[in-house]
Amino acid sequence: MDALFGVPLPALMGQLVIGLVNGCFYALLSLGLAVIFGLLGVVNFVHGALYMVGALLAWAGMAQLGISYWLALLLAPAAVALGAVAFERTLLSRLYRLDHLYGLLLTFGLALLLEGAVTNAVGSSGLPYPAPEALQGGLDLGFMVLPAYRAWVVVAALALCAATWLLIEKTRLGAMLRAGTENPRLLGAFGLNVPRLVTGSYAAGAALAALAGVLAAPLTQVSPHMGSNLLIVVFAVVVIGGMGSVLGAIVTGLGLGVVEGLSKVYYPPFASTVVFAVMVLVLLTRPAGLFGRQA
């Protein structure tokens, strides 16, 4: 069988692979959002800007300091995490007792400041960031040649998602994080430093966004608005999976990436809106999301 519903199998499988790659970025970004919302209850609108900053730091490290891609995978998320700690301790922590709208407005304002600063510094045009030499070339799968770097992105993203889920669901630290989402006062009564736990969670979510940015840099040009272009889709993924659900963020991100890839084959005009159509259907039938807990 050379075609499925009128679409040649090589074209179909190629789009599925591209959809899986996009789904990996959706999963990584929505994972960071889910971690932050789950413990802090903050709708983190600066998340897309942190994704962009991670990619920009990788580019700047290469252009100015000769830092390799592999080292940037460690340094850029670490730098963004340190900045996130400073932001959470000095500004965001003051808003936890207030309405969620205040946190949303603060993070949205910071996102605009970061995008504006980067635009003034490097301009609005894209900056090229080459894939490392070890990941150039392609893998012959028979039905298509898969670029080695895209294969690396899929493997790295799936490994990160699995490690994060295992950390939260199967370790003592994860148990404390889950307890903190339910009753932080009770957790503090047992002698645990809840503010430090909250700060660490925010920094970890920010680091995941920056790491996704470094992974994305060789696939798309680094630009000030690369994060804002993804953020609305990622928020839709989080809503569909269930706000605060780590497993929901991972499964929904990967699944919707594949669905988006299939829609580009069978009905391209629907590709840009399929995620939001799914979100509407899920909210109508299960308002808490596919993996969220019903009130």
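- The structure places OG of S228 at 11.5 Å from CG of L114, a figure rounded to the nearest 0.5 Å.
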>> Applying side chain to side chain contact (heavy atoms under 4.5 Å, CB included) to I67 and L75, what does each step give before you reach the verdict?
In response: CA-CA 9 Å; I67 293 175; L75 295 182; 4.1 Å; yes
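- Y26 and E260 are linked by a side-chain donor-acceptor pair at a separation below 3.5 angstrom, with hydrogens and angles left out of the test.
- Residues L127 and L56 have side chains in contact (heavy-atom distance under 4.5 Å, counting atoms from C-beta outward).
- In this structure, the side chain of S30 engages the main chain of A249 through a donor-acceptor pair within 3.5 Å.
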>> Could you walk me through whether L215 and W152 satisfy the side chain to side chain contact (heavy atoms under 4.5 Å, CB included) test, starting with their C-alpha distance in whole Å, then the side-chain angles of each, then the deciding distance to 0.1 Å, before giving a yes or no?
In response: CA-CA 9 Å; L215 288 172; W152 154 249; 3.7 Å; yes
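- Across T252 and V237, no two heavy atoms sit closer than the pair CG2-O, 3.6 Å.
- In this structure, CG on L160 lies 16.0 Å from CH2 on W165, to the nearest 0.5 angstrom.
- Connection of I168 to L158 is established within a shared hydrophobic cluster, with ILVMFWY side chains joined at heavy-atom distances below 4.5 Å, either directly or through further cluster members.
- Annotation: side chain of L219 is in contact with side chain of F25 (closest heavy-atom distance under 4.5 Å).
- Rounded to the nearest 0.5 Å, atoms CD (Q64) and CG (L57) are 12.0 Å apart.
- When the side chains of ILVMFWY residues are joined at heavy-atom separations under 4.5 Å, either directly or via intervening members, I232 and V239 end up in a single hydrophobic cluster.
- In this structure, L283 is a member of the same hydrophobic cluster as M243, with clusters built from ILVMFWY side-chain heavy atoms closer than 4.5 Å.
- In this structure the side chain of M62 reaches within 4.5 angstrom of the side chain of Y129, judged on heavy atoms.
- For V85, the side-chain contact (heavy atoms from CB on, under 4.5 Å) partners are R89, T199, A203, not counting sequence neighbours.
- Between atom CG of residue N44 and atom CD1 of residue I36 there is a gap of 4.0 Å, rounded to the nearest 0.5 Å.
- The shortest non-hydrogen separation linking A72 to P77 is O-CD, 3.5 Å.
- Side-chain atoms of R150 and V21, non-hydrogen and from C-beta on, do get closer than 4.5 Å to each other.
- Side-chain contact check for S68 versus L71: some heavy-atom pair is nearer than 4.5 Å.
- Under the 4.5 Å side-chain heavy-atom criterion for ILVMFWY residues, a single connected hydrophobic cluster contains both L230 and F276.
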> V275 and V259: side chain to side chain contact (heavy atoms under 4.5 Å, CB included), yes or no, with the steps?
Replying inline: CA-CA 8 Å; V275 173; V259 169; over 6 Å; no
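- Across all their heavy atoms, G227 and Y51 have their closest contact at CA-CD2, 3.6 Å.
- Taking CZ of F45 as the reference point, atom CG of L33 lies at 9.5 Å (rounded to 0.5 Å).
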> For V274 and L256, what are the C-alpha separation, side-chain angles and deciding distance, and is it a side chain to side chain contact (heavy atoms under 4.5 Å, CB included)?
Replying inline: CA-CA 8 Å; V274 62; L256 286 179; over 6 Å; no
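- The heavy-atom pair separating G123 from P224 by the smallest distance is O-CG, 3.3 Å.
- Criterion: ILVMFWY side-chain heavy atoms under 4.5 Å apart, direct or through other members. Under it, V233 and L281 are not part of a common hydrophobic cluster.
- H225 contributes no side-chain N or O that, together with a main-chain N or O of E115, makes up a donor-acceptor pair within less than 3.5 Å.
- Side chains of P218 and Y69 form a contact here, defined as non-hydrogen atoms less than 4.5 Å apart.
- Rounding to the nearest 0.5 Å places CG of L95 at 11.0 Å from CG of L104.
- The shortest side-chain heavy-atom distance between V42 and F37 does not fall under the 4.5 Å cut-off.
- Looking at heavy atoms from C-beta onward, T107 lies in side-chain contact with F87 at the 4.5 angstrom threshold.
- The two atoms that bring I250 and C161 nearest to each other are CD1-O, 3.4 Å, heavy atoms only.
- Counting all heavy atoms, side chain and backbone alike, V214 lies closest to Y149 at O-OH, 3.8 Å.
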